[in-house]
Amino acid sequence: MTGNELRERFLSFFAGKGHTIVPSSSLVPANDPTLLFTNAGMVQFKDVFLGLDRRPFKRATTAQKCVRAGGKHNDLDTVGRTARHHTFFEMLGNFSFGDYFKGEAIAYAWEFLTRVLELPPERLWITVYQDDDEAYRLWQEVAGVPAERIVRMGEKDNFWAMGDTGPCGPCSEIIYDRGPEHACRSNPCALGACDCDRWLEIWNLVFMQYERDAGGNLTPLPRPSIDTGMGLERVASVLQGVDSNFDTDLLQPLIKAMEGLSGRAYDRGEAGFPFRVIADHARACTFLIADGVLPGNEGRSYVLRRILRRAARFGKALGVEEPFLYRLVATVVNIMGQAYPEVAEQQDYIARVMRQEEERFHETLNDGMRVLSGILERAGREGRQTITGQEAFTLYDTYGFPLDLTEEIAGEQGFKVDRAGFEDAMAAQRERARAAREDVKAYEFALAFAGNLDDIGGTEFTGYGRLEDTGKVLVLVREGERVPSLAGGETGYAVLDRTPCYPEGGGQVGDQGSLAWPGGAARVQDTRRLPDGKIVHQVTVTAGNLTAGQEVKVMVDRERRLATARNHTATHLLHRALKNVLGEHANQAGSLVTPERLRFDFTHFAPLTEEELRAIEKEVNQKVLANLPVTTLETSLQEARAMGATALFGEKYGERVRVVKIDAYSLELCGGTHLRSTSEVGLFRLTGESSIGAGVRRVEAVTGTAALDLVSQESQELATVAGLLKVPPFQVAGRVQQLLDKGKEMEREITRLRNQLAGYTVRELLGHVREVDGVPVLQARVDIADAEALRELADKVRDKLGSGVVVLGSQHDGRVNFVAMVSKDLVKRGVHAGNLLREVARIAAGGGGGRADMAQAGGKDPSKLDQALAYSLKVVAQQVR
RNA sequence: GGGCGUGUAGCUCAGUUGGGAGAGCGCUAGAAUCGCACUCUAGAGGCCAGGGGUUCGAAUCCCCUCACGUCCA
């Protein structure tokens with residue numbers, strides 16, 4: 001059975017048992033800063049298990065793409081060494097949200113494995129949590145597993161928890177015995193006693209039945225749930241009768257492709273390690289990029305970079321010097337493109353990103369190579385045999401140069417690397433980062449409501465059609481506690497059963513407005529949405545008391561809402577215009593819509609040129625002038641996709657989606673509030689373009705009155721400049737160019753005149769030369785403000801003098817400047833311009849210094865200038881030998 | 001989020017206790033050639049990333065910001 005068939009059979013089996021097939025969610029978890037990547041099937045249902053959200057179904061099944069790299073579950077270094085570890089893999093799962101429990105979960109799993117996959121029952125072993133007698137009994141009763149093949153295990157292996165607090169419970173694993181021929185040499189080689197390839201965990205059933213509080217106490221959940229996970233690649237290896245996941249049809253084509261690229265044959269043992277790493281990493285990189293992750297230096301981006309570079313290194317180990325990883329994207333698409341259309345659709349883009357990163361990595365290696373040569377050279381000079389741990393660490397830490405490569409190259413030249421020192425430096429680095437780490441608080445806002453969900457109804461949003469409505473206060477929360485009422489002056493959160501206030505979402509900020517009820521009023525400062533869709537208003541009571549159950553009139557701030565809608569509709573126009581001007585690869589990567597402005601991040605490889613920016617702005621404004629109707633419709637996600645609507649990765653869409661349509665021009669899934677016609681935008685002006693990281697650009701823009709204000713400010717500025725230049729506004733550029741040219745010409749003229757003047761001055765000064773112990777010394781006060789001109793003058797005088805000492809001083813703006821020059825022959829006789837000038841300047845309340853042949857100084861007391869200059873004669877007399 | 005490093009001419013980079021902003025390549029012009037390449041000569045091109053501070057004086061030292069690289073989380 002192929003991997004694709006297995007996935008298919010699993011989903012349809014559970015669909016047949018009343019489960020809704022839910023598509024895999026993005027590898028980037030939506031709204032969950034605690035998690036780097038989606039690493040299990042339950043991630044997209046986390047809110048449901050936490051009681052923060054509900055779904056229209058109670059049973060679900062998924063094939064979920066997962067990445068384990070970085071964070072708590074980090075398999076990066078193990079990949080390729082074992083037959084089973086991956087950075088990217090697929091998890092098959094079935095879920096019950098307070099519906100069926102242990103008995104059915106066990107029955108379904110058993111039926112699927114023994115009937116559908118036809119695995120021999122005598123090969124299957126079971127582990128249960130030590131105290132879970134119920135599961136122990138059910139496995140025998142429901143599945144007929146003999147007691148001797150059911151093993152009780154401890155908390156470490158068979159108790160599952162989402163976090164330190166929250167839902168948790170015992171779990172039960174199904175183990176496939178691959179037969180005595182795979183036994184290890186441990187005695188005994190048995191389940192729970194050894195950890196070898198004979199015993200293959202294929203399915204984990206989690207029985208979520210408790211809630212753990214901060215004190216560690218377990219309370220039974222009223223409606224226990226089921227969460228299961230089965231590794232697709234593992235089961236495929238069993239079904240296909242191969243020893244390793246890498247030999248299944250899910251990974252083997254990648255190894256084959258790599259054989260072709262490297263011209264080397266794959267070896268199933270030790271020597272095949274690089275092939276396995278590359279096959280795994282190619283999948284991980286392809287899928288991560290498809291989900292919008294780009295290589296970079298922090299967080300998810302950094303993990304992607306590490307995976308990609310690790311693969312690139314192993315390519316070198318196979319003798320492939322050129323970028324190659326991007327060529328494997330096509331193979332990944334071949335294997336999995338059917339099940340995951342997002343990789344097929346973005347194939348070219350993914351390959352391009354990967355290639356760019358591979359090239360960047362080559363540059364990094366070249367830079368590191370240069371630094372390493374310097375280190376080796378110095379070590380050789382110092383007669384050392386080893387590269388210190390610190391040196392190796394700097395190479396790694398600052399220049400990203402891999403340690404093994406340092407060792408290899410150093411080794412070729414007879415040097416060793418102090419590995420222990422390297423590890424020490426690394427440990428110190430880790431400690432620093434850990435010490436600075438703060439815990440990320442997820443759900444802080446939402447958790448205040450967690451206990452209050454069950455007994456209150458949902459919120460109906462009526463703000464698409466109206467800006468005023470009446471609603472009933474369902475619940476009030478203040479400082480994290482549910483309260484019966486809010487008094488005047490108090491600020492808290494209110495959930496209503498109906499509201500026209502738009503909650504923050506899809507990049508659009510939440511509405512502001514006001515509440516009114518007989519004898520009272522409140523300001524709405526912000527509106528947000530809870531994970532289950534309830535709408536929360538942040539309110540400050542300005543008069544009277546707001547009590548739960550009160551009917552209130554809700555009014556949205558009209559001006560603010562309209563300004564926001566202008567920017568939102570303009571954002572859709574902008575998105576389409578970007579694609580038309582730059583290409584279809586320009587996908588939304590982030591968006592912010594406020595009443596004041598809009599900000600739009602999108603994937604693109606280069607800074608936008610002036611022409612591109614102008615073209616985009618022009619296209620948007622043309623669509624504004626065209627007065628295109630903006631309409632919305634509700635449909636299913638599939639239907640919307642079929643219509644060609646732009647959907648964003650990482651967004652959670654329900655069954656019914658809202659589509660915003662701008663005539664035949666733009667079609668996007670969007671829950672935001674929009675104008676009725678594009679002409680209401682008024683005017684669209686781009687205000688900025690910048691980089692947001694490798695491969696992502698950001699543009700900012702304004703519309704409506706803000707755009708008009710901008711235009712008015714610009715023309716005012718232009719008028720002012722034109723007025724200053726005394727030319728009509730459209731001749732400003734020509735006039736400025738003229739002035740610049742003239743300025744340059746004048747500068748040249750000044751230089752010429754200064755030289756000429758200096759010539760005269762030099763001749764005049766030469767008449768004032770005096771002899772001190774046979775040394776010609778010239779000290780003079782001149783009228784040159786500029787320090788550079790002063791230096792040039794002294795230069796000329798010294799040249800004319802041939803041998804001698806020149807000390808010049810001048811006064812400017814209540815300060816004095818000195819310069820001293822000493823000819824080379826006199827430097828040899830002990831005259832030092834720097835020391836000389838330091839003493840001279842001190843008299844004029846200043847300081848200075850410089851080289852023996854040239855020095856500069858300054859002072860703050862112009863009245864002492866002549867005195868100071870005269871003193872230079874004495875100093876020369878002291879210095880000369 | 002915390003380190004380390006880098007930012008100087010169109011490009012690649014030097015710049016040494018703080019004291020004249022440089023090299024190579026590229027560009028322009030001239031010489032030489034029937035012409036091109038090579039060669040020679042001359043020249044243009046720099047708010048030394050940006051802002052603040054210390055100092056008589058900052059590319060250089062200190063602080064902040066930004067961009068890029070890199071490691072750790």
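Protein chains get the first letters and strands the later ones, always in sequence-line order, with residue 1 at the start of each. In this text, all values refer to a predicted model and were calculated from it rather than measured experimentally.
Of the charged side-chain nitrogens involved, none lies within less than 4.0 Å of a carboxylate oxygen, so that K416(A) and E407(A) do not count as a salt-bridged pair. The pair R384(A)-E391(A) meets the salt-bridge criterion, with a side-chain N (NZ, NE, NH1 or NH2) lying under 4.0 Å from an Asp/Glu carboxylate O.
A close approach under 4.0 Å does occur between a side-chain nitrogen or oxygen of R306(A) and OP1 or OP2 of C72(B). Residue Y302(A) has no polar side-chain atom (N or O) positioned under 4.0 Å from OP1 or OP2 of A73(B).
Residues of residues 362-378 of chain A that place a heavy atom closer than 4.0 Å to RNA chain B, in numerical order, are T364(A), R370(A).
Taking the P atom of each, G22(B) and A9(B) are spaced 14 Å apart, rounded to whole Å. Look at the P atom in both G26(B) and A37(B): the space between them is 12 Å, to the nearest Å. C4(B) and G51(B): their C1' atoms are spaced 24 Å apart (whole Å). A42(B) sits 12 Å from G24(B) when the P atoms are compared, rounded to a whole Å. Nucleotides C25(B) and A31(B) are separated by 22 Å at their C1' atoms, to the nearest Å. For G2(B) and A49(B), the C1' atoms lie 24 Å apart once the distance is rounded to whole Å. The C1' atoms of A32(B) and G45(B) are separated by 27 Å, rounded to the nearest whole Å. Nucleotides U33(B) and C48(B), compared at atom P, are 44 Å apart to the nearest Å.
Taking the side chain as every heavy atom from C-beta outward, R300(A) and V303(A) never approach each other to under 4.5 Å.
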Grab the N/O contacts between the protein and nucleotides 56-58 of chain B below 3.5 Å, and write none if there aren't any.
residue: C56(B); atom: O3'; partner: R815(A); partner atom: NH1; Å: 3.3
residue: C56(B); atom: N1; partner: G847(A); partner atom: O; Å: 3.0
residue: C56(B); atom: O2; partner: G858(A); partner atom: N; Å: 3.1
residue: C56(B); atom: N3; partner: G847(A); partner atom: O; Å: 3.0
residue: C56(B); atom: N4; partner: G848(A); partner atom: N; Å: 3.3

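Look at OH on Y396(A): it is 15 Å from C1' on G69(B), rounded to the nearest Å. The distance between atom CZ of R851(A) and atom P of G15(B), rounded to the nearest whole Å, is 18 Å.
Within the model, atoms CD of E358(A) and OH of Y326(A) stand 7.5 Å from one another, a figure rounded to the nearest 0.5 Å. Note that the CD1 atom of I375(A) and the CD atom of Q390(A) stand 10.0 Å from one another [nearest 0.5 Å]. Here the straight-line distance linking atom NZ of K46(A) with atom OG1 of T38(A) works out to 10.0 Å at 0.5 Å rounding.
With a 3.5 Å limit on both pairing distances and Watson-Crick or G-U wobble geometry required, the stems of 3 or more pairs in RNA chain B span B:1-7 with B:66-72, B:10-13 with B:22-25, B:27-31 with B:39-43, B:49-53 with B:61-65.
Across all strands, R309(A) comes closer than 4.0 Å only to sugar-phosphate atoms, never to a base (heavy-atom distances). Residue-level contact check: R430(A) touches the backbone only, with heavy atoms under 4.0 Å from sugar-phosphate atoms and none from bases.
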> Please walk me through it: do F287(A) and F88(A) pass ring-ring contact (aromatic ring centres under 6.0 Å, His included)?
Replying inline: CA-CA 8 Å; F287(A) 273 84; F88(A) 174 91; 4.4 Å; yes
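Residues N835(A) and Q879(A) bring no donor and acceptor atom of their side chains to less than 3.5 Å of each other.
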